[in-house]
Amino acid sequence: MMSECVVPTVKYGGGSINLWGCFSQAGVGDFVRIDGIMKKEDYRKILETNAILSGLRLNDPGFIFMQDNDPNTLPNYAKVS
């Protein structure tokens with residue numbers, strides 16, 4: 001890890017941000033800042049505009065899409081057609 005990319009923090013320093021991001025063994029893809037509360041529509045837009053392009057840029061033949069258990073990321077809604 002590069003020391004210039006690490007910022008010291010203080011517990012209870014106040015403030016936080018929500019990010020969507022992706023990575024693979026080939027490197028790091030896009031990171032998207034989420035303002036406010038993310039709705040299902042926001043998540044789908046992030047996937048449409050960032051996930052596939054990041055996977056292609058990483059040029060990782062073993063690219064596998066995985067997600068957490070956030071209710072906004074339910075497969076029924078975010079299903080790729």
Side-chain angles (χ1 to χ4, degrees):
M1 186 172 292
M2 298 172 18
S3 61
E4 60 268 14
C5 295
V6 179
V7 178
T9 60
V10 178
K11 190 172 183 180
Y12 307 110
S16 65
I17 61 171
N18 290 323
L19 295 172
W20 175 92
C22 65
F23 59 92
S24 79
Q25 66 183 10
V28 178
D30 293 346
F31 282 91
V32 179
R33 184 176 179 155
I34 300 166
D35 294 318
I37 297 172
M38 183 175 67
K39 296 185 173 81
K40 294 175 184 179
E41 298 81 12
D42 301 327
Y43 181 65
R44 184 172 181 131
K45 185 175 181 180
I46 288 171
L47 291 181
E48 290 173 349
T49 58
N50 295 282
I52 294 171
L53 293 176
S54 288
L56 293 172
R57 269 196 312 275
L58 291 169
N59 195 24
D60 184 354
F63 181 77
I64 298 172
F65 178 74
M66 298 172 67
Q67 59 190 19
D68 61 14
N69 291 324
D70 184 337
N72 289 321
T73 61
L74 290 173
N76 292 340
Y77 184 82
K79 187 176 179 181
V80 177
S81 49

For residues 19-26, dump all side-chain donor-acceptor pairs below 3.5 Å to protein atoms at least two apart in sequence or in another chain.
{"unit_1": "Ser24", "atom_1": "OG", "unit_2": "Ala26", "atom_2": "N", "d": "3.0"}
{"unit_1": "Ser24", "atom_1": "OG", "unit_2": "Asp60", "atom_2": "OD2", "d": "3.1"}

Worksheet item: Which residues satisfy the side chain to side chain contact (heavy atoms under 4.5 Å, CB included) test with Asn18, sequence neighbours excluded?
Response: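 Only Ile34 meet the side chain to side chain contact (heavy atoms under 4.5 Å, CB included) criterion with Asn18.
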
Worksheet entry | Residue pair Leu53 / Thr49, side-chain heavy-atom distance below 4.5 Å | no

Worksheet item: Which residues satisfy the salt bridge (Lys or Arg N to Asp or Glu O under 4.0 Å) test with Asp42, sequence neighbours excluded?
Response: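 Once residues adjacent in sequence are excluded, Asp42 has no partner under the salt bridge (Lys or Arg N to Asp or Glu O under 4.0 Å) criterion.
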
Worksheet entry | Residue pairs fulfilling salt bridge (charged side-chain N to carboxylate O under 4.0 Å, His left out) with at least one residue in residues 16-31, sequence neighbours excluded | Asp30-Arg57

